[in-house]
Enquirer: 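Would you mind keeping the following structure in view while I ask a few things?
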2 protein chains.
Amino acid sequence: MTTHDNDAFKPIATVDLAIFSLSPAGLSVLLVRRANAPFAGDRALPGGWVHIDEDADLEAAARRVLKEKTGVETPYLEQLQTTGSRSRDPRGWSISIVYIALLSADAVAKRQDLMAEEAEWRPIEGEGVGLSLAFDHASLLKEALARIRGKVEYSSLPGHLLPVRFTLSELQSVYETLLGRKLDKSAFRKRMAEADFLEPVEGEMRRASNRPAQMFRLKDAQSLVLFDRRI
Amino acid sequence: MTTHDNDAFKPIATVDLAIFSLSPAGLSVLLVRRANAPFAGDRALPGGWVHIDEDADLEAAARRVLKEKTGVETPYLEQLQTTGSRSRDPRGWSISIVYIALLSADAVAKRQDLMAEEAEWRPIEGEGVGLSLAFDHASLLKEALARIRGKVEYSSLPGHLLPVRFTLSELQSVYETLLGRKLDKSAFRKRMAEADFLEPVEGEMRRASNRPAQMFRLKDAQSLVLFDRRI
DNA sequence: CTAATAGTGTCTATCAGACAATATTTT
DNA sequence: AAAATATTGTCTGATAGACACTATTAG
């Protein structure tokens, strides 16, 4: 490594995650309580330094943080944006690469015991969580929500928040929750069929005395399918 | 600034730009020839270190690089993505925040004298420039092209590549160049009208003995308007 | 008048959205 | 059969795309 670049002039680099799941209260985000200064005691998005001896690349760093906080290893993961300025962290010029992760309801339930102690799910209310967050994390969370809400309109994104197996009615219900409006059942099924990201699985579901529903799973649990048109 | 974080463990942070304009040969990208190792002599996307004493934030760093290379100060500028790994730069673990800039044909012509000596416009062919580029810049350029081509379908993006004043026929022609297909004139004008990002200006354009065309300019030269549907 | 391009109008096949009908199960 | 939900079908108003027509200028 050459030394014409003095390390003292390098910005700080962190990876921060907006980790979402569905709770009974709707869409929720994982927050941690900061143990150390700055912003000790405040809530923040989970994150950490890029470990140049340990992380092969940025996505690996994001997966490491995710596993540390939730125990989950194979979520839907997407880079959102990068912010960097001299003022966002009192310790100096800092860069934050922000990732969005979506956890299936299964993963959340099964890995509850592996969740970091200082982490907690917090329901989304409007454009945030109704709490002030450390650093510029409130603004980062707002951006993440905008990205998610935008993609609901024309992608398979909500499928990543359900359990591995689900019915079309359940999927429609998640779309309706995230969109904040009702959808037509017939049109919804046509759209899902032509988008071609679901596959039927054996087994039925019956919660009451009614016709059982076909169950489906995502063809690819890690990738997003974009629709030709809005839902 | 506290010192519990050792600078030797920080990654390198650079900002790189994919700067596009329209040349007679179509969409072109600005490349520089590297003077120093690594990859000395190779072409690369213009870029540079984040200067923590000089740049207030990442976008300021991008604007600084842009001005140094082209003399242009007010382009359309958009953050594309961030890559970072231990292997992309032989000098060590490095992060590159990539921005896309679109230069109007006016700006390119007027600032030709201000352009950095080592910089040159290179026409796009397929997914790149038909040259091997330094670092992972070929891959970054490919991503930038994918983003641009995707946005042409449903945004005002091509308007940022024209001179400040242009006719609807010229605008349609740019859309057709970038999309690689012909568009219907009537439908195109309906879409532009409802997207509502143009305003008429005085002045005529007449290249031959024909009816003169109304000239237009962007209502906002720095922002993109997204359409409800594809063009 | 002719040539050339700007700009507007019309017609139709297609389709999204609303609504309704049918299917399959438990009690 | 009744109740409940799944799944599929039909009808209609809106519109994207193809095509054609009118407008305005120079020569």
Side-chain angles (χ1 to χ4, degrees), chain A residues 152-156 158-159 162-163 165-218 225-231, chain B residues 152-156 158-159 162-163 165-218 225-231:
Chain A
V152 172
E153 288 279 0
Y154 63 97
S155 84
S156 63
L162 284 162
R165 289 156 32 118
F166 50 84
T167 68
L168 287 177
S169 293
E170 292 169 333
L171 182 60
Q172 181 174 345
S173 172
V174 177
Y175 271 91
E176 289 172 343
T177 298
L178 296 178
L179 288 171
R181 68 170 200 269
K182 288 288 178 181
L183 297 173
D184 181 82
K185 186 162 49 167
S186 177
F188 179 78
R189 283 159 188 251
K190 273 184 238 167
R191 189 54 46 85
M192 294 303 109
E194 76 189 23
D196 192 35
F197 66 95
L198 298 174
E199 60 185 5
V201 293
E202 296 310 310
E204 291 181 348
M205 140 167 285
R206 51 184 80 84
R207 268 195 300 260
S209 54
N210 57 13
R211 176 175 173 174
Q214 176 66 55
M215 305 215 67
F216 292 87
R217 68 169 160 237
L218 301 176
V225 174
L226 300 181
F227 307 159
D228 281 346
R229 310 169 190 252
R230 292 196 171 178
I231 200 166
Chain B
V152 172
E153 288 279 1
Y154 64 96
S155 84
S156 64
L162 284 162
R165 290 159 29 121
F166 50 84
T167 69
L168 287 177
S169 294
E170 291 169 333
L171 182 60
Q172 182 174 344
S173 172
V174 177
Y175 271 91
E176 290 172 343
T177 298
L178 295 178
L179 288 172
R181 69 170 200 268
K182 287 288 179 182
L183 298 173
D184 180 80
K185 183 164 54 165
S186 177
F188 179 79
R189 283 159 188 250
K190 273 184 237 165
R191 188 55 47 84
M192 294 303 109
E194 74 190 36
D196 192 35
F197 65 96
L198 299 174
E199 60 185 6
V201 294
E202 295 309 310
E204 288 186 351
M205 150 148 297
R206 198 175 299 132
R207 269 194 295 263
S209 54
N210 56 14
R211 176 174 174 175
Q214 177 66 53
M215 306 215 65
F216 291 87
R217 69 168 160 237
L218 300 176
V225 173
L226 300 181
F227 306 159
D228 281 346
R229 310 168 190 253
R230 292 196 172 179
I231 200 167

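Just so we're on the same page: letters track the sequence lines, and every chain starts at 1. These values consider heavy atoms only, across backbone and side chains, with no hydrogens, waters or symmetry-generated copies. It should be emphasised that the depicted structure is a prediction, and the values quoted were computed from it without experimental measurement.
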Enquirer: Is the side chain of Glu153(B) donor-acceptor paired with the backbone N or O of Arg229(B) at a distance under 3.5 Å, no angle test?
Expert: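 Not at all, since once roles are kept as given, no pair shorter than 3.5 Å links the two residues.
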Enquirer: Roughly how far, to the nearest 0.5 Å, is CD of Gln172(B) from CZ of Arg191(B)?
Expert: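 Arg191(B) atom CZ to Gln172(B) atom CD measures 12.5 Å (nearest 0.5 Å).
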Enquirer: Residues of residues 202-212 of chain B with any non-hydrogen atom less than 4.0 angstrom from an atom of DNA chain C: list those, numerically ordered, please.
Expert: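 When residues 202-212 of chain B is checked for heavy atoms under 4.0 Å from DNA chain C, the hits, listed by number, are Ser209(B), Asn210(B), Arg211(B), Pro212(B).
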Enquirer: Rounded at 0.5 Å granularity, tell me how far CG in Leu171(A) sits from CE in Met192(A).
Expert: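 CE of Met192(A) is found 6.0 Å from CG of Leu171(A).
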Enquirer: Whole angstroms only, please: what is the CE-C1' distance between Met215(B) and dT5(C)?
Expert: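 These atoms are roughly 14 Å apart.
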Enquirer: Below 4.5 Å, heavy atoms only, C-beta onward: do Asp196(B) and Val225(B) meet side chain to side chain?
Expert: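 Counting from C-beta outward, Asp196(B) and Val225(B) never come under 4.5 Å.
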Enquirer: Quick test of your reading: applying ring pair (Phe, Tyr, Trp, His ring centres under 6.0 Å), list the pairs with at least one residue in residues 187-213 of chain B, sequence neighbours left out, ordered by first then second residue.
Expert: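 Qualifying pairs: Tyr175(B)-Phe188(B).
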Enquirer: Locate the shortest heavy-atom distance separating Ile231(A) from Arg181(A); write the atom from each residue and the value.
Expert: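 The answer is O-NH2, 3.9 Å.
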Enquirer: Please determine whether the number of non-hydrogen atoms from other residues, nucleotides or ligands lying under 6.0 Å from atom CD of Glu202(B) exceeds 12.
Expert: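 Atom CD in Glu202(B) is not packed in, count stays at 12 or less.
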Enquirer: Could you say whether Arg229(B) or Phe216(B) is positioned toward the 5' end of DNA chain C, judged by the nucleotide with the nearest heavy atom to each?
Expert: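 Result of the comparison: Phe216(B).
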Enquirer: If every non-hydrogen atom of Phe166(A) is compared with every non-hydrogen atom of Arg217(A), which pair is closest and at what distance?
Expert: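 It is CE2-CA, 4.3 Å.
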Enquirer: In whole angstrom, what separates Asp228(B)'s CG from dT15(D)'s C1'?
Expert: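 About 14 Å, once rounded to whole Å.
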Enquirer: Using whole Å, report how far CG of Leu183(B) lies from P of dG17(D).
Expert: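 After rounding, the gap between these two atoms is 9 Å.
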Enquirer: Round to a whole Å and report the spacing from CZ of Arg181(B) to C1' of dA18(D).
Expert: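 Between C1' of dA18(D) and CZ of Arg181(B): 15 Å.
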Enquirer: Using atom CZ of Phe188(A) as one end and atom C1' of dT7(D) as the other, report the distance to the nearest whole Å.
Expert: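 Going from CZ in Phe188(A) over to C1' in dT7(D) covers 14 Å.
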Enquirer: Between the protein and nucleotides 8-14 of chain D, list the N/O to N/O atom pairs that are separated by less than 3.5 angstrom.
Expert:
unit_1	atom_1	unit_2	atom_2	d
dG9(D)	O6	Ser186(A)	OG	2.8

Enquirer: Find which nucleotide of DNA chain C each of Glu194(A) and Glu170(B) is nearest to by heavy atoms, and output the residue with the more 5' nucleotide.
Expert: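 By nearest-heavy-atom nucleotide position, the 5'-most residue is Glu170(B).
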Enquirer: What is the separation between atom NZ on Lys182(B) and atom P on dC19(D), rounded to the nearest whole Å?
Expert: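 Atom-to-atom, Lys182(B) to dC19(D), this comes out as 15 Å.
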